[in-house]
Amino acid sequence: MRRSMANVSQIWHNLHEPRQLALVQALAAYVTIALLVLGLNWLVANAGQPLTVAPASASRWLLAGLNQVETGEWGDFRWTDGDSRVCVEGFGYAPRSLATVWLAGGYARSLGTETVTLVAGRAAPVTAPLAPELRRYTILTGVDQQAGADVCVTIQSAAVRDPNNPRWLGVPFHGLSVTPLAAAGAVTPALAGLATGLALALGWLALLHVSGVPLLLATGLVALVSSLITYTLAGGLVPFGAGTLRWALPTVAGVWAGVIGLAVARWWKVQRPWLRELAGMLFWTVALLGTFWLLQRISGHSGVWPLKSRIDPSPTWWVIVPISFALIWFAIGWRWLARPLQPVPVVVYTLLGALVLPVAFDIAVHGLDAPIALFRDSPYEYLRDTPYVAGDPMGFMANFETIAPLLSVHGSTHPPGAILFLWLIEQVFGPGPVATSWITIGLTALMPLVAVWLGWRLGGGQLALAAGMLAVVLPGQMVYGVTSLDGVFSLLIAAGAAAFFLALEPPCRPWLAVCAGLCIAAALFMTYAATQLFFFGVAAAALALARHSAQAGWRATLLAIVRQGAIAAGVIAVIYLLIFLATGFNVISASRLATQINGDMMERFREYGPPPTPFLPPSYDYYLRFAAANLVSYLVFVTPWVLAALSALYLRAGRERWQPAWAALLGALGAFVLGMWLSGLFNREVERIWMFTYPLVAVLAAYHNLDGETARQRWRLALYLGLTLAFFVVMKLTLYTIW
């Protein structure tokens, strides 16, 4: 022991004074957050908020011996099998707790079951008569009667075999709630909950620290977020959720994988570029596969969940035809990379690839009518809503909030723009899915041109061409370019993001800000996902201020940025003010209604009911469940090799103090994705909904590929294009992706 202490002391004295100071500051920061988490856990455990398990709980491990969810007179319920158990995990060690079980005995009594026996942990069984109506049965538990920090209630009764379905029917279970009895004494937080909280808070602090965020700022951010979460829990704004601890595991694993990966990348100096590239690809492949496995183990799903898809093998030799088209298209672009380029050929080349390749693959795999299948066959799409316009678009907008609950799944949860867009197509080209499908496909094919435009402005013709090629073959563009109206929405959002980013670059041209405002206003008329541009805009403005202040002075730079932002915001505000004055359509109240309809439709509130405000998650287990699922799904469609390229650029941007334009674009994109991810407003499907980020991703990946000698640039780009196309082909042949 003494020798170890002496060795530590010797190492300490050998460090330079700045290094010693940095270590002391880091230790103080991590200890501060750890102590804060300990205190906050104690506050939450003793806030007296109940933990509930609803019949519709997605945390299947909490329910043992119960049948599937059904809906009856008293709401959702599950039949017990005569000896079922429901648990609340991570509750904490309470001297006394109240466990309340909701049972409706009417159905059970009709089957001859008159009584029910409840057993909480190791407590003595309590038998009570079943009431015909929904009734709560409350029993008192103690810490000596629990198996640990979990509270489990066993529901025992007679059971009858259903003659129409081979299952045992005991009593209808409508929910369990466990509340600590404050008068009995303080609650000791559960060790599992404490460990999860520490892992999350310290992991985020470590990730920010290793990323280069000043330690004081990182500590303040983690402390602020932790305190806000505690406030929502202690105040009952957002329930904790009985499955929170397990649903948090993928996020914990992801955060710490990021810490380890970033630390290794910073301190492990690999001299050979190809080895660094390979290491990055392997890291992202393992991280994604590992998180996929963990999510499926927790959720009980299989296949490719949480991707919005399912396994549906469709092997065909016809796929050789579009692969040949793609290789010819690649070869032309590959040869052009070594030549001086003009905008028109690059635009035409990219547009042809974006239009022909997705359609050719769709027809080869799914048949000649595949491009029109979505609008022809899907009952969930906007096309069935166009009769509601009834030749009066102004009246339709005026009454949109009244009509919205009657519309299709997508029509009711989006602004009226998509329905009016399809109605206009019908007026010009006639009704039916053919014109609608092909116009949608054609407009979606324009999205890679955003990458061409942005690439040309940031790096010239070669970057524009490479960005366009990558934007065309990214799996999201290839899959959803022919199967989703979201491509039209994404075109407007991507164009708005690119225009605003360029509007902040000197000389800060006002027409670009006007263009950004028009695109964003049009996008917001199509989808409320356009609101997420807030994260991109704030980050782009902050980075522009930091980058350009040295040349023009911070006052002039700030004034220019504020002017550009005011122009873009003013255009949006004026457009929606005019719409409101002309029709009465209020985009803010419509968005609140859409959020409520979407929550009901996606069963968002089925477990815990709606939160006090529309934009809060119904519980933290719900939030963490979809947060992990969303990010993994999105990153899979970005592909591990493109993620490796973005990671390399991230490390390089830190070394260059985020001064180049590409670094600012990377930072704004990172804030964009991080903000959408943490906002919790999306329930999966983000590989399609967030496809407006793909042009920005393509520009950055192309920039990484074009770094270095010319010959190596072209071969590296060829490798990325080949890997991406192969990945898409495997998806196309094995997954059902027509959504």
Side-chain angles (χ1 to χ4, degrees), residues 285 288-289 292 302-330 333 350-378 437-438 440-442 444-445 447-448 468-487 490 632-643 684-691 694-695 697-698 701 718-739:
T285 301
L288 290 174
L289 288 175
F292 235 105
S302 58
V304 292
W305 190 93
L307 295 184
K308 180 61 176 177
S309 187
R310 67 173 184 264
I311 297 176
D312 182 27
S314 305
T316 173
W317 287 108
W318 284 108
V319 77
I320 295 174
V321 175
I323 289 176
S324 301
F325 289 163
L327 293 177
I328 294 170
W329 185 76
F330 286 168
T350 305
L351 184 58
L352 283 174
L355 185 60
V356 172
L357 292 183
V359 172
F361 275 102
D362 207 33
I363 291 174
V365 176
H366 297 297
L368 288 173
D369 62 344
I372 67 170
L374 177 73
F375 287 108
R376 183 193 63 197
D377 302 334
S378 176
S437 298
W438 286 109
T440 300
I441 290 169
T444 304
M447 194 159 59
M469 295 172 74
L470 279 169
V472 167
V473 299
L474 282 174
Q477 179 72 26
M478 293 287 281
V479 169
Y480 296 110
V482 289
T483 63
S484 177
L485 193 60
D486 283 79
S490 294
V632 170
S633 300
Y634 173 75
L635 295 182
V636 166
F637 268 67
V638 175
T639 74
W641 36 94
V642 172
L643 290 171
R684 295 175 59 226
E685 303 184 46
V686 295
E687 54 267 46
R688 170 176 57 84
I689 300 172
W690 297 354
M691 64 187 293
Y694 296 152
V697 168
L719 174 64
Y720 271 67
L721 290 170
L723 286 172
T724 307
L725 180 67
F727 188 59
F728 160 72
V729 171
V730 171
M731 279 187 170
K732 195 70 177 177
L733 294 177
T734 59
L735 303 181
Y736 181 86
T737 55
I738 303 177
W739 299 100

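Only this structure's heavy atoms are used, side chains among them; waters, hydrogens and symmetry mates stay out.
Checked by atom type and distance alone, the side chain of Gln477 never pairs as donor or acceptor with a backbone atom of Met691 at under 3.5 Å. Within the 3.5 Å criterion, the main-chain N or O of Tyr736 finds a donor-acceptor partner in the side chain of Ser309.
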*Decide side-chain contact (heavy atoms from CB on, under 4.5 Å) for Lys732 and Asp362; before the verdict, give the C-alpha distance in whole Å, the side-chain angles of both, and the deciding distance to 0.1 Å.*
CA-CA 8 Å; Lys732 195 70 177 177; Asp362 207 33; 2.8 Å; yes

_Derivation of the side-chain contact (heavy atoms from CB on, under 4.5 Å) call for Leu721 and Met469_ = CA-CA 8 Å; Leu721 290 170; Met469 295 172 74; 3.4 Å; yes

*Evaluate side-chain contact (heavy atoms from CB on, under 4.5 Å) for Leu719 paired with Trp641, printing each intermediate quantity in order.*
CA-CA 10 Å; Leu719 174 64; Trp641 36 94; over 6 Å; no

_Run Val697 and Val642 through side-chain contact (heavy atoms from CB on, under 4.5 Å) and show every step you take._
CA-CA 8 Å; Val697 168; Val642 172; 3.5 Å; yes

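Rounding to the nearest 0.5 Å places OH of Tyr480 at 13.0 Å from OG1 of Thr444. The distance from the CD1 atom of Ile323 to the CD1 atom of Ile328 is 12.5 Å, given to the nearest 0.5 Å. Atom CG of Leu352 and atom CH2 of Trp329 lie 9.5 Å apart (nearest 0.5 Å). Note that the CG atom of Leu735 and the CD1 atom of Ile311 stand 7.0 Å from one another [nearest 0.5 Å]. The NE2 atom of His366 sits 10.5 Å away from atom OG1 of Thr316, with the distance rounded to the nearest 0.5 Å. Remark: Trp438 CH2 to Ile441 CD1 distance equals 5.0 Å, nearest 0.5 Å.
Contact check for Ser633 versus Leu307: side-chain heavy atoms found under the 4.5 Å cut-off. Residues Met731 and Val636 form a side-chain contact, since some pair of their non-hydrogen atoms from C-beta on lies under 4.5 Å apart.
Residues Pro306 and Glu687 share a closest heavy-atom pair of O-OE2, 4.5 Å. Counting all heavy atoms, side chain and backbone alike, Val472 lies closest to Leu357 at CG1-CD1, 4.2 Å. Shortest non-hydrogen contact noted between Pro640 and Leu288 is CG-CD1, 4.3 Å. Here the closest non-hydrogen pair linking Leu470 and Ala698 is CD1-O, 4.0 Å. Taking each heavy atom of Pro695 and Met447 in turn, the nearest pair found is CG-CG, 3.6 Å. Taking all atoms of both residues into account, the shortest heavy-atom contact from Phe330 to Leu725 is CE1-CD2, 3.8 Å.
Here the two rings, on Phe637 and Trp690, have centers that are 6.0 Å apart or farther.
Under the 30°/60° scheme for interplanar angles, the aromatic rings of Phe728 and Phe361 are found to stand perpendicular.
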